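Notes to accompany the following structure.
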Amino acid sequence: MGEKNVCCNSLSRSLPGWAVAVSVVWGVASAHAGQADPLASVMWDSVHQEVLAGQPVVFDPAVRVITAARVENTMQVPIEVEVDDSVGPVSEIVVFADHNPIPRILTYRPLSARPRIGLSFKVQEATPIRAAARTADGVWHVGGQWADAAGGGCTTPSAGQRSRAWESHLNEATYHRWPRADGSERLQVSLIHPMDTGLAPGIPAFYLTRLVLRDQDGTPLAELLPAEPVAENPLFALDLRPAQPGKTVWRLEGGDSDGNLVAASLPPSPQEGGQ
Amino acid sequence: MNWRAAWAGLALLAMTVGRAHAEPPDPVRRDYHLTARQIADGSYVVEGSTEDFSRNNGGLMVNSAFIVTDEGVIVLDTGPSRLFGEQFHALIDRTSGGKPIVQVINSHLHPDHFLGNQAFAPETLTATAETIAGISAAGEDFTTNMYRLLGNWMLDTEPVVPKTVLQAHTAVVGGHRLHYLTLAGHSDSDVALFDETTGVLYAADLVFHDRTPTTPHADIAPWLAALEALEALKFKVVVPGHGPVAQDAGPLHQTADWLRWLDGTLRQAARQGLSEAEVFRLPIPERFAALSLTRAEFERSVVHLYPALLRGQLQPSATKVE
């Protein structure tokens, strides 16, 4: 699938993107009884099976995906997923892009955190970008939007592979914590990692696979399972609901596909005085 | 040259003509319907719309200009495609009576300003060293993306890199005293041309008018400094890179106002820890309603400028384990 998508770059000089997409796939005819895919993606049935194991879904506007209408930098596509409280408690959110050669971008288990996450990822071509939030009844609530893109993000080497400066700083974290008036706490945390997809010629897949954020007493606050398409040196925006906002030292633990560990201590950040 | 008559005529022209196109571009016949609007003695602008690139407008959303002098024609920017370059060249020939084109300037590295280069003699093409390097590095990617945006309008377009390095200087060409200014901010190198003889300032993309400034390679602090340098020139007419020609510094102020608001808004958002997509939705003040494409360009600018500002707020974690 990587190769097929590579060729889209040269084809796009002569063919509109939709023509390429339509000619590539005329897959399983719309299987899902009930709702039609509001994004009218030819890949929906396929990603429904691949990413959500064909489990029950409802298309639900309470699950929102916000991204740039036109993608310029296919290596860094910002996205924010937010799920309205009306959906009920959410155990897991899966973010995916139908037309990416590797559709799943990230799985987020918010635990006590708000069901909301911001990140950037790599996109290969114009694609629906979706989030599926699983509620207690096992149903996935799916929302999304189309993003237009020039193409190439997944099959392009990471900038890190050109400079290799990351090697001595792998998995180092930078972060800031902002206590909010509602008792939650915004965390922006970034890790140094090339996040190689394995689709760029000669560069094997190498990416963060698991990150757990724990409170001082070890209580898990949120868990992330990134996949290959997450952008290089990923930056995650999370809204935690710790027992003592702004007080305790958090710990970020996890690792990558090569077994390198992440272990970072995240004490409360100094706050701007009086601003 | 009769100055007063020229300026009276110019003022009248500005009031009556408004947007310059007799007809919009025709995507079926691939005809840009270019018209040269005279803005001063021997000085002409081909005005684009303030839209975004599209298959309907063929990329005619940029201003190109030329000065007809006794020693030949000087061209500022060659437009978004080979086809544009060819039709622009033909228009210049008709307007000048076939005078030789002695210099073509690519004001900066963006594709809507140099992809018409194929239509001009290679030895006439000039740009700053930074712009030459930029076109060499990114020209192919820019071109591929323009095919995607403009479709058939781009047929046979290839990037042509200028070979002659343009440096800041003042020259008298065919009776026009020309100041070649090398500034920066919209990109890492932006040429503006001030014709002291006619009082026309060709500001290229350092100035946008009724069109939201674009920032894919922008650095706002030097851009604001460049705008101040341009305002000090005492010009009578300004030709923005995008948007209508004006007779005062209004477009410079409008560009600076947007850039200051953009910079302040993004810095404030970073201090609050907002994510990029959250910044997309921040309100845009009513005073920018006259600018086209504000929301779309604001989103683009967030993508261009915000990640570095946000990462600037982060501090190293306390420990790490190999």
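Below, all heavy atoms of this structure are taken into account, side chains as well, without hydrogens, waters or symmetry copies. From a predicted model like this one, the values you see are computed outputs, not experimental measurements. Throughout, a chain's letter reflects where its sequence line sits, starting with A, and its residues are numbered from 1.
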* Asked: If you measure from CG on B:Asn145 to OG1 on A:Thr74, what distance do you get to the nearest 0.5 Å?
  -> 10.0 Å
* Engaged part of B:Leu155 at the chain A interface, taking heavy atoms whose separation is under 4.5 Å -> neither
* Structure fact -> If one checks every heavy atom of B:Pro216 against chain A at 4.5 Å, the contacting part turns out to be side chain
* Structure fact -> Interface check, chain B: of A:Gly118, A:Ser190, A:Ser120, A:Ala237, most non-hydrogen pairs under 4.5 Å belong to A:Ser190
* **Within-4.5 Å side-chain heavy-atom neighbours: A:Ser269 and B:Gln315** => yes
* Considering non-hydrogen atoms only, spot the tightest contact between A:Asn233 and B:Arg311 and give its length. => O-NH2, 2.6 Å
* What part of A:Arg116 lies closer than 4.5 angstrom to a heavy atom of chain B: side chain, backbone, both or neither? -> side chain
* How about A:Asp182: does its CG atom have over 12 heavy atoms from other parts shown lying under 6.0 Å from it? -> yes
* Structure fact -> Interatomic distance, CD@A:Glu82 vs CD@B:Glu278, rounded to 0.5 Å, equals 7.5 Å
* Asked: If you count heavy-atom pairs under 4.5 Å between each of B:Ser275, B:Gly273, B:Ala277 and chain A, which one has the most?
  -> B:Gly273
* **Selection from B:Gln313, B:Met154, B:Arg300 maximising heavy-atom pairs under 4.5 Å formed with chain A** => B:Arg300
* **Top of A:Leu235, A:Leu266, A:Leu252, A:Leu187 for chain B proximity - count of heavy-atom pairs under 4.5 angstrom** => A:Leu235
* Nearest-0.5 Å distance that lies between atom CZ in A:Arg180 and atom CD in B:Gln272 -> 7.0 Å
* Quick one: of B:Glu299, B:Arg281, B:Glu276, who has the most non-hydrogen atom pairs under 4.5 Å with chain A? -> B:Arg281
* Specify the closest pair of heavy atoms between B:Phe280 and A:Thr67, including all atoms of both residues, with the distance to one decimal. => CE1-C, 3.6 Å
* Asked: Can you check whether B:Leu274's main-chain N or O pairs, donor with acceptor, with A:Trp178's side chain at less than 3.5 Å?
  -> no
